[in-house]
Amino acid sequence: MSSFSEVKPRFPVHLKLALLLMVCSLLVLGGGALYKSADARHAFRYQLDERFDRLRQFADILADDVARAERDQMIRQLNLLLEEPDVLRVEVLDRDVHRIVNLESPDYGKVQVAGRIVVPVPETFNSETRAGWLVAEVSGQSLAAQERSIYDDMVITLVLIVLLSALAMLFFQVRFINRPLRQLLSAIERSRSSGEFVRVGSRVPNDEFGIIIHAYNDLLAEVDAKHHSLRLNEARFRHLYQQTPALLFSLSARGVFENVSDHLLKHLGYTADEVIGRNLNSLVVEPEETRAIETALERLARKRNAELYLQVRHASGDVHSMRIDATPNPGGEGVLAVMTDITSLNEALNTIERQANFDSLTGLPNRHLFKMLLGEQLESQPSESDGLAVLFIDLDRFKYINDTYGHHAGDKLLRAAGYRIQNCLPAGDYVARLGGDEFSVLLHGNTDEAFLRKLAQQLIEQVEASFLIDQCTMHISASVGIAINRGEDATPDQLLKCADLAMYRAKSEGRGRACIFVPEDEERTLRRVNTESLIREALDNEYFELYYQPVFMLEDQSVVGAEGLVRMNHPDKGLLYPGDFIDVAEETGLIARLGDWVLEEGARQLAQWHRDYESDIYLSLNVSSHQLRNDRFAGLVADVSQRHKLKPGYLILEITESMLMENSDQTQEIMLQLKQQGCLLSIDDFGTGFSSLSYLQKFPLDILKIDRAFVTDVETNETHSALVKAIVNMSDALKLKIITEGVETDGQLECIRKLGCELGQGYYLSRPVPVAEFSARFLSTETARL
């Protein structure tokens, strides 16, 4: 780049000023010349008029001489006239225009005649009559000389004025214009060569140039401050560029690295020399991704942002998934970009996708993926012949396994069950875990009911086969619901719902079986929903009440206790028995609220009997599995007993054998707490479940209630009779009381009494009755303590 001193102006200022002076001088001289020329012409006309007047005077003088024809006198007068300036020849003519006298000056014929003047000669002085004519020929030499003299004086004067003006202006330019301009130019040149901002010195003129120089110096101060700020910002930017954890780089318009941040080099394991000058294409793994780079560069060339995803090779050979966000360089050509390593993000997204679509425990598809695939199959069914079926599988007794052996063992059992189900399926069909202990199977192309039942039975048999988990043998069963679609318009939710309803029917029919969905299943579910609403309504409006069935001493048929049995006395539905609502209460969890109400009402009534009738009657109440699994149940019983001031040994809580098997350690702990509070514990329906001497020894039991199934044919069935006798003997050995349920006839009563049963209850003795009737019939007689 050339310096300011090397730059020669094409038209310097002093030449412009000189040209301006010349033009102004020419205009002044030309104007002066025109003015003087006009003035000279005016003077010439004035002199001509004077000469004409003088000739007229001569003509008047010559009047008498011409009249008398005195030639000599006329010659003397004419010679005087020749002495006048510029007169070259004079002559006098008579009246008839005949020459009388003719005189010529020496210059006549040498000097050009400028004009001829003819003046009439009167006969007498001031006469109007003409005696002849006076003719004079004159030149313009005197006038021209006079005019030249005027021009010369004017030119000299103007030239002097122009020269003096030029000198003054040149001095002014050098002193007051060129000097400050050179100072300014010198400061600019030094600033340019040194890289620093050089101000003009302190000797600054007090004029417009001084204002300009002061403005320049102020501008330099501002520019210097901004330049300093820019340097700081640049240093800060470079620091941030190198220190920021982002992977920053810039490319040329052709995709060549021009600059890279240290973090990018460190992240990819390269040096700056290995990257700068290299094309971005050389770092990508997949050759087809070069086309994506070219497309992005074309987009950036049109000043539009671009985003692309590349597989970039690390210096070690590893492959990283990268996202590049690029923007056109605002300062010119090229690209500014930031690279983000999304390798871990892609892995996380894949993990999220797996978690969103697959069950983390079994690795099977989850409910979301199952419904999505089911929806795709429903949309792609071309005809009724290519139908599909959905199997809903629920593992029976899985909760018992989970509570007994722990969740770790339960998880292993779920994985093993899912594996067995999957291995039973035809090729192309698959199983999903919907959640908990529920699985679902999608079958394509075969909707034959016999085939589906056979396949479902195979699944059940596989699940019912023993599992060896953590050196423990475990047994479960499965209930299967089947929903079939043969081209009908249906949604995944509808098919799953239908299969679920069929599965519930399979459970209600005894578990371990398969049922195909029928419309009545939906009606049964609707009834269950209505029953749930009815239970909630009864709880909120206190429609429930307890009926009491007395327990008799079989020897003398005296009443020693009662069992509280719940009824719903609905204002519209009438009296409803437990079979109408207990199952639904169990399924919906409302049994907990209902059980709490039964406990509260039974304790209140028992306390009232003891207080009002001074009776020693006891009361037994049924406890649901929901209540017994609740850690707060023992505390609730203690609170109710304390509030109603119940005496220990008069409140009996009845539980079932299956409840003892579910989470036995927790159940044992709660039962011990109940015993410490003075409650008696009874096993209801003993002999029909998983009867075992081990739990009779393990749990703190007081009473066994022999199920009615053994009493119904105890007179004729020797096996049942032997079982009852064995239970009685076993109870005596374990110091347990026996209550026989379902005594319906006098024969049954006599038979069980002979077998050693002391206590019993049943319709033969008394049906459950309302509290008022029970009090009137049984509390007026003397009762014995159990």
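Throughout, residue positions are numbered sequentially from 1 according to the sequence presented. All values reported here derive from a predicted model rather than from experimental measurement.
- A search for salt bridge (charged side-chain N to carboxylate O under 4.0 Å, His left out) contacts involving Asp318 returns nothing, not counting sequence neighbours.
- Partners of His626 according to the ring-ring contact (aromatic ring centres under 6.0 Å, His included) rule, which considers only residues two or more places apart in sequence or in another chain, do not exist here.
- Paired with Thr327 under the rule side chain to side chain contact (heavy atoms under 4.5 Å, CB included), one option of Val335, Asn305, Val338 passes, and it is Asn305.
- With respect to Arg536 and Glu532, a salt bridge is recorded, a charged nitrogen being found less than 4.0 Å from a carboxylate O.
- Judged as a salt bridge (charged side-chain N to carboxylate O under 4.0 Å, His left out), and not counting sequence neighbours, the contacts of Lys497 are Glu522.
- Judged by distance alone, the side chain of Glu289 and the main-chain N or O of Gln311 form a donor-acceptor pair under 3.5 Å.
- Side-chain contact check for Ile293 versus Leu310: some heavy-atom pair is nearer than 4.5 Å.
- Considering all non-hydrogen atoms of both residues, Ala506 and Ser479 come closest at CB-CB, 4.2 Å.
- Partners of His314 by ring-ring contact (aromatic ring centres under 6.0 Å, His included), not counting sequence neighbours, listed by chain and number: His320.
- Ser440 places no side-chain N or O within donor-acceptor distance of the main-chain N or O of Phe392, the cut-off being under 3.5 Å.
- Atom CG in Leu378 sits 9.5 Å away from atom CD in Gln494 (nearest 0.5 Å).
- Note that CD1 of Ile484 and CG of Asp448 are 8.5 Å apart. Values are rounded to the nearest 0.5 Å.
- Asp437 is linked by a salt bridge (charged side-chain N to carboxylate O under 4.0 Å, His left out) to nothing, counting only residues two or more places apart in sequence or in another chain.
- The ring-ring contact (aromatic ring centres under 6.0 Å, His included) search around Phe358 returns none, not counting sequence neighbours.
- For the salt bridge (Lys or Arg N to Asp or Glu O under 4.0 Å) condition, the pairs that include at least one residue of residues 458-471, sequence neighbours left out, are Lys412-Asp470.
- Residue pairs meeting the ring-ring contact (aromatic ring centres under 6.0 Å, His included) criterion with at least one member in residues 410-448, sequence neighbours excluded, do not occur.
- For the residue pair Asn446 and Leu452, the shortest heavy atom distance occurs at O-CD2, 3.8 Å.
- Pairs of residues two or more places apart, or lying in two chains, that qualify as side chain to side chain donor-acceptor pair (under 3.5 Å) and include a residue from residues 290-302 are Arg291-Glu294.
- Using a 4.5 Å heavy-atom cutoff, the side chains of Met474 and Ser466 are not in contact.
- Legend: residues meeting side-chain hydrogen bond (donor to acceptor under 3.5 Å, both in side chains) with Arg415, ordered by chain and number and at least two apart, are absent.
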Side-chain polar contacts of residues 362-369 - donor-acceptor pairs under 3.5 angstrom, sequence neighbours left out - could you list them?
from   : atom 1 : to     : atom 2 : distance (Å)
Thr362 : OG1    : Asp359 : OD2    : 2.7
Thr362 : OG1    : Leu364 : N      : 3.2
Asn366 : OD1    : His368 : N      : 3.2
Asn366 : OD1    : Leu369 : N      : 3.0
Asn366 : ND2    : Ala356 : O      : 2.8
His368 : ND1    : Asn357 : OD1    : 2.9

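- With sequence neighbours excluded, the residues satisfying side-chain contact (heavy atoms from CB on, under 4.5 Å) with Val275 are Phe257, Val260, Leu265, Tyr270.
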